[in-house]
Amino acid sequence: MGELKTVLEQAENTSAKNHSLNFKRGELKIEKVSFAYTETEVLNDISLTVESGKSIALLGPSGSGKTTLLRLIAGLEKTKRGHISLDNYILSDINKSIPTERRNIGMVFQEGALFPHMDVHTNIAFGLKKTSDREKYIEKILELVGLPGYEKRYPETLSGGERQRVALARALAPKPSVLLLDEPFASIDPKLRSQLRSDVSDLLSELNITSIFVTHDLETAFVVGEKIAVMNNAKILQFGTADEIYNSPATQWVAEFAGEANFFSGKGNGQEIETILGKLPLAKPSNEMLNVLVRPEHLALSDGKGWEIKKTEFYGHDTRYLMSKENHALVSVRIPTAGTHVTGDFVDLKYIGPPTQTYN
């Protein structure tokens, strides 16, 4: 997408001559919202506040309610219980629902949803009023998303990443108060996806626009979300920063969804817990039977014969070992080197991480 900061600086320098790029940022509030299709509950008592100018990610597996929540915010579905407001103005509750076109909310869909019979310029201009500076404004929007000079191209001539950038440009063009993005990178190949999500994250941050990004991909959520709402079974299980979600997950399910996780059981003894791995420090003192979370990167191999390496996987940036001892489930260890150990070796494991999180 190129140097977005440079493009934005250029756009700011010419904004007085053309169309202003100042976006109307709004605070979005979802309060006690529930929703069901017939007898199937999709959302259960959802409450979430997206502060003005902030970007959050809705992270969860398919069927967790992420896209339905986005559709309710956009006005594509009607709220059954609770309410949704923008800057304290009710958009939707049990008594009323403001039409989608009057909500000043932009949306980018998974497949872009461009009009195939229209060129890029016409796709972007579709929701804009005819003004004297509209052509220059469309040029500026295309520069923002890294596609200068693409006005006359048709969707069928664009790559998947380019189509999504055009879709983003079209959603940004009316200067929405809130921007919703529903898995926009899901169908793009991994290498391009990594670059595109980084570029889009930079752009949204530079524009300081209120945005909600739906994804089932952990890395995408961590990159685009200043905060992340983890959803499953129609509920938000945790809302926090990437660091909080990864290092202090609220539940064992969140811990496993937010990254590779090992669990060891044992009885707490104040500040420590005795496990098959040895004594581990506890984040919260306890004297109960607990499960403790150990991330693979918080384990190191040392000389010994307690654990057998059952499998070795080299990933370039690190090596993953699957370890076995007695009847314990296989333990994953990640070392940021090529390593000298091979499958079949016997070693000991040493814990090198912070105080552990616990789950009953």
Side-chain angles (χ1 to χ4, degrees), residues 44-48 56-66 213-300 307 310-311 313 315 317-325 327-336 349-360:
N44 181 358
D45 201 29
I46 297 292
S47 292
L48 183 68
I56 73 160
L58 295 181
L59 173 67
S62 297
S64 58
K66 309 183 302 297
F213 200 110
V214 161
T215 182
H216 66 275
D217 180 69
L218 181 68
E219 289 185 2
T220 297
F222 281 8
V223 170
V224 302
E226 294 178 66
K227 286 191 174 182
I228 300 163
V230 183
M231 297 186 67
N232 192 39
N233 293 332
K235 294 185 177 183
I236 293 177
L237 302 182
Q238 187 171 358
F239 182 55
T241 64
D243 178 72
E244 291 166 343
I245 299 296
Y246 187 77
N247 290 311
S248 303
T251 68
Q252 191 164 325
W253 186 91
V254 173
E256 292 178 286
F257 192 76
E260 196 172 6
N262 302 302
F263 291 95
F264 296 88
S265 60
K267 189 175 188 302
N269 183 20
Q271 300 288 342
E272 296 180 323
I273 185 171
E274 185 69 46
T275 71
I276 193 172
L277 195 63
K279 290 182 179 180
L280 304 179
L282 292 174
K284 295 180 180 179
S286 177
N287 293 303
E288 300 179 3
M289 289 296 300
L290 302 166
N291 288 326
V292 292
L293 167 65
V294 174
R295 296 293 186 191
E297 66 272 18
H298 293 156
L299 291 170
W307 293 79
K310 289 292 188 180
K311 190 175 183 180
E313 299 172 344
Y315 290 96
H317 48 73
D318 70 355
T319 301
R320 179 176 184 246
Y321 297 101
L322 291 177
M323 318 292 297
S324 173
K325 182 177 182 179
N327 294 323
H328 195 279
L330 287 178
V331 172
S332 178
V333 181
R334 284 189 176 268
I335 308 297
L349 291 183
K350 180 182 179 181
Y351 183 73
I352 57 173
T356 55
Q357 300 296 313
T358 60
Y359 307 93
N360 292 322

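Of all non-hydrogen atoms in Phe257 and Pro61, the two that sit nearest each other are CZ-N, 3.6 Å. Listed here is the closest heavy atom pair of Ala242 and Phe222: CB-CD1, 3.7 Å. Among all heavy-atom pairs drawn from Arg295 and Ala258, the shortest one is NH2-CB, 4.1 Å. Annotation for Asp318 and Pro336: closest pair CB-CA, 3.9 Å, computed over non-hydrogen atoms. Between Leu293 and Ala255, the shortest heavy-atom distance links the atoms CD2-CB, 4.0 Å.
Remark: Ser265 OG to Ile276 CD1 distance equals 8.5 Å, nearest 0.5 Å. Note that OG of Ser324 is 7.5 Å distant from CH2 of Trp307, once rounded to the nearest 0.5 Å. A distance of 5.0 Å separates CG of Asn291 from CD of Gln252, quoted to the nearest 0.5 Å. Here Leu59 contributes atom CG and His216 contributes atom NE2; the two are 9.5 Å apart, rounded to the nearest 0.5 Å.
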Side-chain donor-acceptor pairs of residues 352-360 under 3.5 Å, sequence neighbours excluded:
| unit_1 | atom_1 | unit_2 | atom_2 | d |
| --- | --- | --- | --- | --- |
| Thr356 | OG1 | Pro281 | O | 2.7 |
| Tyr359 | OH | Pro249 | O | 2.8 |

List the atom pairs, with distances to 0.1 Å, where a side-chain N or O of residues 225-239 and a protein N or O form a donor-acceptor pair under 3.5 Å, not counting sequence neighbours.
| unit_1 | atom_1 | unit_2 | atom_2 | d |
| --- | --- | --- | --- | --- |
| Glu226 | OE2 | Ser55 | N | 3.0 |
| Gln238 | OE1 | Ala250 | N | 2.6 |
| Gln238 | NE2 | Ser248 | O | 3.1 |

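Note on residues 242-261: pairs passing salt bridge (Lys or Arg N to Asp or Glu O under 4.0 Å), not counting sequence neighbours, are Glu260-Arg320, Glu260-Arg334. The salt bridge (Lys or Arg N to Asp or Glu O under 4.0 Å) analysis of residues 265-294, with sequence neighbours excluded, yields no pairs. Pairs of residues two or more places apart, or lying in two chains, that qualify as ring pair (Phe, Tyr, Trp, His ring centres under 6.0 Å) and include a residue from residues 260-300 are Phe264-His328. Pairs passing the salt bridge (Lys or Arg N to Asp or Glu O under 4.0 Å) check and including a residue from residues 351-360, sequence neighbours excluded, do not occur.
Using a 4.5 Å heavy-atom threshold, the side chains of Gln271 and Pro285 count as touching. Proximity of Leu277 to Asn262: side-chain heavy atoms (C-beta onward) are nowhere separated by under 4.5 Å. Side-chain atoms of Val294 and Thr275, non-hydrogen and from C-beta on, never get closer than 4.5 Å to each other.
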>> Between Val223 and Phe213, is the side chain to side chain contact (heavy atoms under 4.5 Å, CB included) condition met? List the steps.
In response: CA-CA 11 Å; Val223 170; Phe213 200 110; over 6 Å; no

